[in-house]
Amino acid sequence: MSESRLWDDVDAYFTTHLSPDDDALAAARRESDAAGLPPVNVAANQGKLLQLLAQIQGARTILEIGTLGGYSTIWLARALPADGRLVTLEYSGRHAEVATRNIARAGLDALVDVRVGPALESLPKLADDNPPPFDLVFIDADKGNNPHYLEWALKLTSTGSLIVIDNVVRDGRVADADDTGADVRGTRAAIEMIGSHPRLSGTAVQTVGSKGYDGFALARVLA
């Protein structure tokens, strides 16, 4: 059995027992595929991890940077209380339309605010709204801007908030000093910022599975 096939099989086993599909999640993936969205949404077990992190955090407010078709948004929003709020930022209007339908089908549209446009333009506007600090921020957008998204996450959170950055391994490219791709440079800058910033304590974890070889960074905001 090939290594990638083994990863797929193990992911399928975990998903079957720990994060099985339901109608809303399956429909979100199906509608995203039908609309031609890139197949880069989080895996089901990763979605469940996000939900658990939000629940452990006791999150009432969540910021997501990078909506795509709303699959991860559904997982995160399900962790919120009835009076919670999730703001999700999506660059593409077409992607946002798909996500909005998927979120409404899941019965979560009252909790979720989908904002369309470049995140680095949406984030200052969001800050102008003077929202309460976000309890959890999930960053899963264009990787070259990861350090900028992390800077905004710090501005929009407070002590004890949690920041998750997805796709930080880049098939191992993050450790290749000769790789100067924008995605790798942005990811390295975010990782190094977590390691050196006095208000952040974090780590990063490598993962393998149905999404290949990658991983995520996790940081807690300090006083």
Contacts under 3.5 angstrom, residues 116-125 side chains, donor-acceptor by atom type, not counting sequence neighbours:
unit_1 : atom_1 : unit_2 : atom_2 : d
S122   : OG     : P118   : O      : 3.4

Listing, residues 182-191 side-chain donor-acceptor contacts under 3.5 Å, not counting sequence neighbours, or none:
unit_1 : atom_1 : unit_2 : atom_2 : d
D183   : OD1    : R173   : NH2    : 2.9
D183   : OD2    : R170   : NE     : 3.1
D183   : OD2    : R170   : NH2    : 3.1
D183   : OD2    : R173   : NH1    : 2.8
D183   : OD2    : R173   : NH2    : 3.4
R185   : NE     : T180   : O      : 2.8
T187   : OG1    : D183   : O      : 2.8
R188   : NE     : V174   : O      : 2.9
R188   : NH1    : D179   : O      : 3.1
R188   : NH2    : D176   : O      : 2.3
R188   : NH2    : D179   : O      : 3.3

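In the hydrophobic cluster analysis, where Ile, Leu, Val, Met, Phe, Trp and Tyr join through side-chain heavy atoms closer than 4.5 angstrom, I163 is grouped together with V87.
Judged purely by atom type and a 3.5 angstrom limit, T61 uses its side chain to pair as donor or acceptor with the backbone of P133. In this structure a side-chain-to-backbone donor-acceptor pair under 3.5 Å is missing from E90 to G66. With hydrogens and angles ignored, the 3.5 Å screen pairs no side-chain donor or acceptor of Q57 with any backbone N or O of A59.
Counting only heavy atoms from C-beta outward, the side chains of K143 and N167 approach each other to under 4.5 Å.
Judged as a salt bridge (Lys or Arg N to Asp or Glu O under 4.0 Å), and not counting sequence neighbours, the contacts of R60 are D83. For the salt bridge (Lys or Arg N to Asp or Glu O under 4.0 Å) test, residues two or more places apart in sequence or in another chain that qualify with R115 are D113, D129.
Sorted by first and then second residue, the side chain to side chain donor-acceptor pair (under 3.5 Å) pairs with a member in residues 43-55 read D11-N45; sequence neighbours excluded.
Under a 4.0 Å N-O distance rule, the pair D33/R29 does not qualify as a salt bridge. Salt bridge annotation for R101-D109: absent, with no cationic side-chain nitrogen under 4.0 angstrom from a carboxylate oxygen.
Here I74 is tied into one hydrophobic group with L25, V42, L49, L50, L53, I62, Y71, W75, L76, L80, L86, I103, L108, L111, V112, V114, L136, F138, L162, V164, V205, F216, L218, each link being a pair of ILVMFWY side chains closer than 4.5 Å.
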